Amino acid sequence: MTCDNLQTIEKNIALAAERCGRSADSVQLVAVSKRKDLEVIQQAISCGQQVFGENYLQEAEQKITALKNKKLCWHFIGHLQSNKARIAAELFDVIETVDRIKIARALDRHAVALDKDLRVFVQVNIGRENQKHGVLPEDAEELLVLINRETQLKVLGLMGMPPYSNDPEDARRYFRELKQLSDRLAGKKVFADNTDVQLSMGMSADYMVAIEEGATLVRVGTALFGRRA
Ligand SMILES: *Cc1c(COP(=O)(O)O)cnc(C)c1O
């Protein structure tokens with residue numbers, strides 16, 4: 001990767017944000033470094049990137065440990081099993097993939113033991129796909145109420161992934177639905193900050209569409225680091 005890639009993406013983020021009357025800094029870039037070497041991450045850090053996303057705990061542990069003297073923010077964006085909640089709560093600042101009360105309870109237990117303010121997103125299965133994780137849109141409110149009642153986790157907002165498509169425009173309606181869901185749920189006061197609800201949506205192929213529909217975080221891997229092996 002080169003600093004040029006990062007600058008191009010940041011410019012695209014700013015343009016997409018400005019197209020809909022938002023400021024460039026209302027959108028955060030999460031650099032998805034899964035299956036990329038430490039050197040590649042170090043290069044991105046030297047270009048100024050500080051927020052990274054990882055999917056696999058073992059792989060992430062090595063990288064996060066090696067870079068622990070840097071001021072970085074790590075987002076977990078993979079599927080999480082409850083028996084891995086302790087290591088996830090230890091390593092990561094933000095867990096984007098909470099989709100059931102069991103995992104929320106497990107993360108909370110370990111965060112409390114670590115005296116850590118763990119921030120999370122609730123992952124919503126916006127395309128209702130069998131192969132994808134995430135709570136169904138109609139069940140999100142109930143899950144959020146339970147998380148707030150039973151845990152001290154700080155729920156920043158919602159995360160979602162639209163069904164795969166070659167055309168980024170196909171994702172627009174799913175992004176819009178996730179935004180509408182987050183607006184409705186903010187009205188029910190289920191988030192840590194209901195006036196500033198975060199929406200993690202959009203990847204390499206469709207992050208500009210996601211920003212136009214209200215994304216505050218985009219998770220970009222391939223466009224930044226090149227294809228994964
Ligand atoms: C891999 C991954 C990304 C990044 O995908 P790219 O298409 O490489 O940008 C984003 N979000 C999640 C949840 C991922 O697993």
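Since the model is a prediction, treat every value here as computed from it, not as a measurement.
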| said: Give me each pair satisfying side chain to side chain donor-acceptor pair (under 3.5 Å) with a member in residues 85-103, each pair once, sequence neighbours excluded. | reply: His75-Glu96, Arg86-Glu90, Glu96-Ser200
| request: Test Val124 against Leu178 for side chain to side chain contact (heavy atoms under 4.5 Å, CB included), laying out the working first. | output: CA-CA 8 Å; Val124 181; Leu178 193 64; 3.8 Å; yes
| field | Partners passing ring-ring contact (aromatic ring centres under 6.0 Å, His included) against Phe92 (at least two apart in sequence or in another chain) | value | Phe76
| remark: In this structure, CD of Gln43 is separated from OG of Ser33 (nearest 0.5 Å) by 13.0 Å
| query | Considering residues at least two apart in sequence or located in another chain, which fulfil the side-chain contact (heavy atoms from CB on, under 4.5 Å) criterion with Arg172? | reply | Glu169, Arg176, Val209, Glu212, Glu213
| query | With side chains defined as the heavy atoms from C-beta onward, is the minimum distance between Met161 and Arg219 less than 4.5 Å? | reply | yes
| Do the side-chain N and O atoms of Asp167 and Ser165 include a donor-acceptor pair separated by under 3.5 angstrom? | no
| Within a strict 4.5 Å, meaning less than it, do heavy atoms of the Leu107 and Leu80 side chains meet? | yes
| Close side-chain approach of Lys116 to His110, heavy-atom, < 4.5 Å | no
| request: Taking ring-ring contact (aromatic ring centres under 6.0 Å, His included) as the test, write out the residues that go with Phe225, two or more places apart. | output: none
| query | Would you call Glu150-Arg105 a salt bridge at under 4.0 Å N-O? | reply | yes
| note | Between Arg119 and Cys73 the two heavy atoms that sit nearest each other are NH2-SG, 4.4 Å
| field | Between Thr216 and Gln28: side-chain donor-acceptor atoms closer than 3.5 Å | value | no
| request: Could you name each residue pair satisfying disulfide bond (SG atoms under 2.5 Å apart) that touches residues 126-192, not counting sequence neighbours? | output: none
| query | Mind checking what makes side-chain contact (heavy atoms from CB on, under 4.5 Å) contact with Leu38, not counting sequence neighbours? | reply | Gln42, Lys63, Ala66, Leu67
